[in-house]
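Taking it in order: structure first as structure tokens, then the write-up.
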Amino acid sequence: MPDNRPTDAPPRSTLRRLLRAILDIGAHADDDDETSIRKILLNLASVLFATAALVWVAVAWVVDDAPDVLPAAGVPALALLNLAVFQRHGRADTYGILQLGLMLAFPFVAQGLLGAAPMAAGLPAWAILAPASALLSLGVTGATPWFVAFIVALTALALRAPADAPGHAPHLAVHLALVGSVLFMQWRFALGQRNKTRERLADAHHQLRLAQERSERLLLSILPAPIAARLKDTTATIADGHPEVVVMFADIVDYTRIASGMTPIQVFEMLNRIFCRFDELCEQHGMERIKTIGDGYMVAGGLHAHPVEPHAAMAALALDMQAALRNHDFTDGLALEVRIGIASGPVVAGVVGRGKFIYDLWGDTVNLAFRLCTEGEPSVIQCCGRSFERLRGAFVFAKPLLLLLKGKGYVPVYRLQSPRIFAVPASARSQPPQAA
């Protein structure tokens, strides 16, 4: 089928881009949504008013043969000029006052030019554009003065209209004032209700965002951040193999005996204070707390965004945990000791459960770290041979022992004591300045 559209007609997309450019005049990157919409609505009202007013002037000139009306075209021309000035200088307040003032003045200027000509009948109806446009672009409060100006202008027109004015000007002014008042009050009420609804929606959105942030924090307190992100995006099973992870188990020595002399609240407060301190230390060293079981505390390093050398960070964490419990001010005078077991090797890490899920580790490395902890002595940090090989250059260890572990038999165990202090070579020491 042949295309009968005129070839000189601009594409619709070009017209849309032009209209979009006009509507975006005066826009700023720092404008909020409400300010941006109000500027767009005032620009739209200005363009529509200027176009309609110029069309009316042309019709009055051609149809009614009234050349006296041509000077009235200056009002919509000024509106377009004001729009161009607004694009250059961006003074929104001045721009809005001038545009609304021109809308209000146009019918009365035209009425004065035409006098009793037939085309002057109904001209005051144009004045309702000013309060209507103000209501959309300035809001309920800003539109009220323009509505008052509209009523005052109609009253002045009725009082000054000549006896032979078309359409019985006094009666027309009364009709326009009453109908305009009804319309303005309806629009004002509708916008007020819309604003209240938007405020309620904004408050509900804010509360929803706060609830979402609380849920995010709760989720991150249970799961590592990468696992939490994956859990939100998929319902598939999450299980990953890691070739080299360092795992620590720690438990409080004689916890049952100590807790037996306390109330349940005291037991909870003690464990909560200790584990919160351990959590702080984990965060400082870049380790991942996996879970707590009773008085047991499980930590892992090398799973996600941990230090380049998680073994050294885990050893430093273990020493800091011991130091924290030696502070009697922190333990309220209780003589608390901790057993710690550290093992390195491959593990499987994943999320267990659906409704109530937990992130956990499995594998021989986990079992070995647990056995090293439970078979250890108070205030001793026991490491497997693999961890020892990673740490021997930076930490001091006692002589290895053979320890009988359930399911393992006799296993060489290395007891971590302290960081290694490296001596400064004599050649690197600063020499006193020589006398000249």
Side-chain angles (χ1 to χ4, degrees), residues 5-62 69-110 113 122-147 149-150 153 180 183-184 187-188 190-191 194-195 198:
R5 291 178 302 178
T7 56
D8 57 344
R12 181 177 298 181
S13 58
T14 303
L15 293 176
R16 287 180 177 175
R17 285 197 297 269
L18 177 61
L19 180 59
R20 185 74 258 177
I22 294 174
L23 296 182
D24 287 339
I25 288 176
H28 293 284
D30 55 349
D31 287 342
D32 56 25
D33 290 342
E34 185 68 20
T35 301
S36 178
I37 291 174
R38 289 184 175 185
K39 286 182 178 180
I40 289 174
L41 289 174
L42 185 55
N43 290 343
L44 179 62
S46 300
V47 172
L48 294 178
F49 159 71
T51 303
L54 289 174
V55 169
W56 179 86
V57 170
V59 171
W61 180 32
V62 174
V69 79
L70 289 178
V75 177
L78 285 175
L80 294 177
L81 178 62
N82 189 30
L83 181 63
V85 172
F86 179 51
Q87 182 182 22
R88 182 175 181 84
H89 297 288
R91 297 189 180 95
D93 293 341
T94 303
Y95 166 68
I97 292 173
L98 289 177
Q99 294 299 77
L100 296 174
L102 290 171
M103 293 180 193
L104 186 65
F106 171 72
F108 304 105
V109 171
L113 293 172
L123 262 175
W126 285 75
I128 194 63
L129 291 177
S133 300
L135 199 59
L136 293 175
S137 59
L138 302 181
V140 173
T141 304
T144 302
W146 291 102
F147 176 71
F150 165 71
L183 290 176
F184 183 81
W187 294 335
R188 191 177 189 276
L191 284 179
R194 187 205 65 169
N195 292 338
R198 293 180 64 178

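Values in this document were obtained by computation on a predicted structure and should not be read as measured data.
- Within the model, atoms NE2 of His89 and CG of Asn82 stand 10.5 Å from one another, a figure rounded to the nearest 0.5 Å.
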side-chain contact (heavy atoms from CB on, under 4.5 Å) between Gln99 and Thr94, worked out: CA-CA 9 Å; Gln99 294 299 77; Thr94 303; over 6 Å; no
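- The two residues Ala143 and Pro131 come nearest to each other via the heavy atoms CB-O, 4.1 Å.
- Taking each heavy atom of Pro76 and Leu54 in turn, the nearest pair found is CG-CD2, 3.6 Å.
- The CG atom of Leu41 sits 9.0 Å away from atom CG of Leu23, with the distance rounded to the nearest 0.5 Å.
- Smallest separation of non-hydrogen atoms from Ile128 and Ala125: CG2-O, 3.1 Å.
- Leu98 contributes atom CG, which lies 12.0 Å from atom CG of Leu83 (distance to the nearest 0.5 angstrom).
- Nearest heavy atom pair, residue Asp31 against residue Ser36, reads CB-N, 4.4 Å.
- At a threshold of 4.5 Å between non-hydrogen side-chain atoms, the residues Leu42 and Tyr95 count as touching.
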Check against side-chain contact (heavy atoms from CB on, under 4.5 Å), Phe147 and Leu135: CA-CA 9 Å; Phe147 176 71; Leu135 199 59; over 6 Å; no
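- Taking 4.5 Å as the limit, every side-chain heavy atom of Thr14 sits out of range of all side-chain heavy atoms of Leu18.
- Side-chain polar atoms of Asp32 and Thr35 form a donor-acceptor pair below 3.5 angstrom.
- With hydrogens and angles disregarded, a donor-acceptor distance shorter than 3.5 Å links the side chain of Asn43 to the backbone of Ile25.
- Counting heavy atoms from C-beta on, the side chains of Ile40 and Arg20 come closer than 4.5 Å.
- Here the side chains of Leu100 and Leu129 are not in contact, with every heavy-atom distance at 4.5 Å or above.
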Residue pair Trp56, Trp126: steps toward the side-chain contact (heavy atoms from CB on, under 4.5 Å) verdict: CA-CA 11 Å; Trp56 179 86; Trp126 285 75; 3.9 Å; yes
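- Nearest heavy-atom pair across Met103 and Ser133 is SD-OG, 3.6 Å.
- Phe106 places a side-chain heavy atom less than 4.5 Å from the side chain of Phe49.
- When all heavy atoms are compared, the tightest approach of Val69 to Trp61 is CG1-N, 4.2 Å.
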